[in-house]
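Accompanying notes for the structure given below.
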Amino acid sequence: GGGTGLGGGAALEDAAANQGLTVRAYIVDQFRKLSNAYRAGADKGTGARMHGSGRSDAREYHYKQVCAALEHLSDSPDWAELEAIGTQRHGVGGKTIAKLRELWDTGRLGRVDEFSNNPEQVARELLIKVHGIGQSRVVELVRQGVRTISDLRQRTDLSPQTSIWLKYHDQLEQPIPRDHIGEVRDRIGAVASRIDPRLKAIACGSYRRGKMESRDMDVMLILRGAGPGSTEHLEVMARIVPELHADGLLTDDLTTPGKFPQFGKKTAARVTTPSVVQAENSIAYMGICIVGGVHRRLDLRCYPEHQEAPALLHFTGSGDFNRFMSRAANARGFTLSELGLQPSVIKGPAERVPSGPHLELHSEAHIFEILRLEYKDPSERRDKIDVIDSTTGRPFFQTRESRTALPALTDTSRLQAHHPAAIT
DNA sequence: TCGCAGGACAA
DNA sequence: TTGTCC
DNA sequence: GCGA
Ligand SMILES: [Mg+2]
Ligand SMILES: [Mg+2]
């Protein structure tokens with residue numbers, strides 16, 4: 001029994017029941033609060049340099065792993081089941097088990113209470129949700145006394161993107177029904193095929209993961225027939241975005257395809273710099289569209305057909321799944337991105353460099369296969385524990401053996417032999 | 001003690 | 001390069 | 001905060 005006198009986890013059961021949650025959902029919620037708190041720069045906002053300060057990003061990451069482990073518990077775990085994840089789940093250690101014990105005994109986490117009783121921390125977690133406000137700006141804004149969205153609106157130093165986003169703040173918070181996303185994909189697809197009949201539109205993100213509601217829309221354009229060496233797809237965004245405005249779908253841009261960068265000093269040398277090329281040729285667009293009278297966030301991407309598989313994998317997410325699948329790829333001796341999959345090696349401290357060409361990737365399943373990971377349907381791509389080592393059938397991040405790179409896969413020559421279709 | 005995904009866009 | 005986004 |  002704990003300090004409250006309640007034994008057998010009764011305090012935890014009560015706390016969960018009070019919120020209408022299962023014990024598991026309540027525990028996950030507590031740790032998700034910790035992850036969100038560190039994302040918002042908890043321990044960076046306070047001037048006092050406390051133990052462990054300056055590790056917010058890593059702790060956000062850490063608590064995401066913990067949440068993934070907790071999600072896979074039963075609805076009402078007993079103490080033995082909670083304690084077991086300390087030994088069974090990669091990334092869950094002593095400090096986390098101590099927090100679980102605290103929850104079991106008292107139904108609360110002191111760290112969560114500390115954060116929720118700290119008005120500055122509460123403000124950071126609120127304001128970081130605004131587009132264009134990240135960990136750095138939120139710490140500075142809150143230090144300057146900003147506490148609410150209203151406070152933020154008073155500022156005269158907001159970026160244009162943040163101002164646009166704030167115009168529609170209320171609408172952008174509303175969940176988007178699945179059907180609306182399919183409609184937008186079709187409208188974009190129609191406009192796209194008018195511009196170039198080789199273009200097709202695919203809705204990705206949480207829509208493709210089967211969710212009935214989403215927070216934004218992710219639509220990918222594929223330029224059929226475009227292969228390595230083609231740059232045609234880079235010009236699509238600057239052509240289609242004005243058409244989507246004319247169509248009445250888009251209302252505001254958060255990025256501006258084709259916009260020429262403004263320099264303090266415009267020199268001839270700068271004109272040939274890569275950043276200029278990137279600005280004129282864009283593959284990514286972020287903006288606001290209107291569907292059924294409600295403004296929504298829309299992300300657009302355009303890729304050549306030979307990058308369809310890695311791009312589809314990447315923009316289907318989830319974000320957590322991508323991070324852990326990329327880590328698995330690294331452990332197998334590869335770098336994975338929306339652009340492709342290529343062998344890579346660790347060069348110096350914190351530096352991984354390509355050691356071979358991108359491989360030809362025929363499908364999402366092909367990528368899983370090369371990495372010896374179990375294929376996951378989009379609806380099953382949630383978190384760390386969904387990345388499964390197909391040689392063991394167990395979560396990739398679980399055992400020493402499963403994390404060891406496979407010689408047959410990291411030896412580039414043998415890999416090329418098995419996958420002869422490397423692309424250049 | 002070190003790394004924790006990787007890349008695109010804005011400024 | 002830094003900050004932010006996905 | 002954890003694991004290599
Ligand atoms: Mg933000
Ligand atoms: Mg989305």
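By convention in this document, chain letters (A, B, ...) are assigned in the order of the sequence lines, proteins followed by strands, and residues within each chain are numbered from 1.
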Taking 4.0 Å as the cut-off, does a side-chain nitrogen or oxygen of [X] come that near to OP1 or OP2 on [N]?
X        : N      : answer
A/Lys99  : D/dG1  : yes
A/Gln161 : B/dA11 : yes
A/Asn330 : B/dG6  : yes
A/Arg297 : C/dC6  : yes
A/Arg59  : D/dG1  : yes

Closest nucleotide of DNA chain B for A/Glu351 versus for A/Ser344: which of these residues is on the 5' side? A/Glu351
If you assign A/Pro160 and A/Gln342 each to the DNA chain B nucleotide with the nearest heavy atom, which residue ends up on the more 5' nucleotide?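 Nearest-nucleotide comparison on DNA chain B picks A/Gln342.
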Contact between [X] and [Y] at the side-chain level, heavy atoms closer than 4.5 Å - yes or no?
X        : Y        : answer
A/Asp386 : A/His72  : yes
A/Arg111 : A/Leu34  : yes
A/Arg296 : A/Met217 : yes
A/Arg323 : A/Arg327 : no

Looking at A/Tyr207, does the NZ or CZ of A/Arg178 lie under 6.0 angstrom from its six-membered ring centre and within 45 degrees of the ring axis? yes
Cationic tip of A/Arg297 within the cone over A/Trp165's six-membered ring, i.e. under 6.0 Å and within 45° of the normal?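 Relative to the ring axis of A/Trp165, which defines the angle, A/Arg297 lies outside at least one limit.
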Report which part of the nucleic acid [X] touches: base, sugar-phosphate, or nothing (heavy-atom distance under 4.0 Å, all strands).
X        : result
A/Arg327 : sugar-phosphate
A/Lys64  : nothing
A/Thr96  : sugar-phosphate
A/His131 : sugar-phosphate
A/Val130 : sugar-phosphate
A/Gly205 : nothing
A/Ala350 : sugar-phosphate
A/Gly319 : nothing
A/Val66  : nothing
A/Asp57  : nothing
A/Tyr63  : sugar-phosphate

Nearest-Å distance, [atom1] ([X]) to [atom2] ([N])?
X        : N      : atom1 : atom2 : value
A/Lys384 : D/dG1  : NZ    : P     : 15 Å
A/Ile283 : C/dC5  : CD1   : P     : 19 Å
A/Gln398 : D/dG3  : CD    : C1'   : 13 Å
A/Arg323 : B/dG7  : CZ    : C1'   : 14 Å
A/Leu158 : B/dA10 : CG    : P     : 18 Å
A/Arg301 : C/dC5  : CZ    : P     : 13 Å
A/Asp299 : B/dG7  : CG    : P     : 18 Å
A/Ile367 : B/dA5  : CD1   : C1'   : 14 Å

Which nucleotide wins on minimum distance to the side chain of [X], given the candidates [options]?
X        : options              : answer
A/Asp218 : B/dG6, B/dC9, C/dC6  : C/dC6
A/Asp216 : D/dG1, B/dA10, C/dC6 : C/dC6
A/Arg137 : C/dT4, B/dG6, D/dC2  : C/dT4
A/Ser136 : C/dT4, B/dA5, D/dG1  : C/dT4
A/Thr335 : B/dG6, C/dC6, B/dG3  : B/dG6
A/Thr255 : B/dA11, B/dC9, C/dC6 : B/dC9

Using atom C1' of each nucleotide, how far apart are B/dA5 and C/dC5 to the nearest Å?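 About 14 Å, rounded to a whole number of Å.
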Salt bridge present between A/Arg382 and A/Glu71 (N-O < 4.0 angstrom):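 No, no charged N to carboxylate O under 4.0 Å.
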